[in-house]
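Chain naming here is simple, since letters A, B, ... match the order of the sequence lines and numbering starts at 1 in each.
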There are 2 protein chains.
Amino acid sequence: MVPKLLLPAVAGQRERTVDVDSEVAMRLRRAGQRYSTGRRGIVHALRALNRPVTIAELIDATPGLAVSSAYRNLAVLEVTGVVHRIVLGADDHARFELAEVLTANHHHHLICTGCGAVDDFTVPARLEKALTDALGAVASATGFAPTDHRLDLVGTCAACTAS
Amino acid sequence: MVPKLLLPAVAGQRERTVDVDSEVAMRLRRAGQRYSTGRRGIVHALRALNRPVTIAELIDATPGLAVSSAYRNLAVLEVTGVVHRIVLGADDHARFELAEVLTANHHHHLICTGCGAVDDFTVPARLEKALTDALGAVASATGFAPTDHRLDLVGTCAACTAS
DNA sequence: ATTTATGCAAATCGTTTGCAAACCT
DNA sequence: AGGTTTGCAAACGATTTGCATAAAT
């Protein structure tokens, strides 16, 4: 089997942007939900920001988005598999990004303990596979059924190291 | 520049329980803090529970621990490197456990999306090393200075799979 | 004796919810 | 029309803080 092509986190997303909307629409429709203007705004904002953002960041990157709608819609988008919620860093605050099924971009996170910023990175396919295998072994040994794994790097980003 | 070394994988965990108290006392003293009865209670509870617990769990596992003291002391214990805060799962809620420097036990987490339970596991030393190396490479390429990594498995635990 | 930690109750702040209006199909 | 989504403001809850007392050195 040919390993999925490895792309830098930023580039992996570009070629599918065209059909993201219809993919989202489909997923929502399947769940009896509508792809309303507000939801479209959220999805577009997430795509533009292209990194895990907090709800606060999302709200002021999305003109006219009410707080309650942000929460409600992110919840809907989460259960329909459109966005992915990640909870990172000591600064707590959940962050959201488009789900990997939409970006075709399996990645991990760099978490800066200095400023709380979160960025994406990828690891070599070989290691990714070794990880998956090892985790599968752990899982089957314990009766745990994995749906996903998370690999994050915690430390200080270049900017915070400088200061 | 060579990236800072990450923690090596270590298997044994039980042998250091005896001097945990003095180790904690030392770390607190170094920070100008006291190892009070309340803090001792928290550390002992964490050691007894031996898994990442929420503040609520900790409070009712520790008789006479006031809510505010729990928060304040966990904050102190966190910055002094005695406990480690982890934020996992969609159920949010931070969890705390004794820091790895005290348990000599580098491990990862199994997170059940069904019941929110969190458990520990370890991966083979070889994989742990491969991970560390790969992450070091990623880090030095981006100017990120890693202090730690996190590898978690997300899925459904045996109990939740059954139901 | 002086400094630090504790408990309680009040204040905070992110998140959730009730409800009426706007929206979509 | 019939059901869904939205915005506002009120409600909620976990976390934090002020302050007077208790404990530690």
**Message:** Just to be sure I understand the rule, does A:Gly64 reach a base, reach only the sugar-phosphate, or reach nothing, if contact means heavy atoms closer than 4.0 Å?
**Reply:** sugar-phosphate
**Item:** Heavy-atom check, side chain of A:Arg150 versus side chain of B:Ile111, under 4.5 Å
**Value:** yes
**Asked** Does B:Ala66 or A:Ala56 map to a spot on DNA chain C nearer the 5' end, using the closest nucleotide for each?
**Response** B:Ala66
**Request:** Figure out the CD1/P separation between B:Ile42 and C:dA5, and round it to whole Å.
**Result:** 12 Å
**Message:** Rounded to whole Å, please give me the gap between CG in A:Leu74 and C1' in D:dT5.
**Reply:** 14 Å
**Asked** How long is the line joining CG of B:Asp60 and P of D:dA14, in whole Å?
**Response** 13 Å
**Prompt:** Is the distance between the ring centroids of A:His149 and B:His109 under 6.0 Å?
**Reply:** no
**Prompt:** Under 4.0 Å between a side-chain N/O of A:Ser36 and OP1 or OP2 of C:dC24, yes or no?
**Reply:** no
**Complete:** To the nearest angstrom, the CG-C1' distance between B:Leu77 and C:dT4 comes to 14 Å
**Item:** Within one Ile-Leu-Val-Met-Phe-Trp-Tyr cluster: A:Val83 and A:Val67, side-chain cutoff 4.5 Å
**Value:** yes
**Message:** Can you measure A:Ile59 atom CD1 to C:dG14 atom C1' for me and round it to whole angstrom units?
**Reply:** 10 Å
**Request:** Give a yes/no on whether any side-chain N or O of B:Gln33 is located under 4.0 angstrom from OP1 or OP2 of C:dT4.
**Result:** no
**Prompt:** Taking 4.0 angstrom as the limit, do B:Glu57 and B:Arg95 come out as a salt bridge?
**Reply:** yes
**Request:** Return the 5'-most residue of the pair A:Val67, B:Thr37 with respect to DNA chain D, ranking by each residue's nearest nucleotide.
**Result:** A:Val67
**C:dT3 base / B:Arg34 side chain donor-acceptor hit below 3.5 Å** = yes
**Message:** By the 4.0 Å heavy-atom rule, please label B:Arg39 as base, sugar-phosphate, or nothing.
**Reply:** sugar-phosphate
**Rounded distance in Å - CZ (B:Arg72) to P (C:dG7)** = 9 Å
**Asked** Hey, is the side chain of A:Asn73 poking within less than 4.0 Å of OP1 or OP2 on D:dT6, counting only N and O atoms?
**Response** yes
**Complete:** When rounded to whole Å, the CZ to P distance for the pair A:Arg29 and D:dT5 reads 13 Å
**Length of the OH-C1' vector between B:Tyr35 and D:dT25, whole Å** = 17 Å
**Request:** Determine: side-chain N/O of B:Ser68 to OP1/OP2 of C:dA9, distance under 4.0 Å, yes or no.
**Result:** no
**Item:** Cation-aromatic face contact B:Arg29/B:Tyr35, 6.0 Å, 45 degrees
**Value:** no
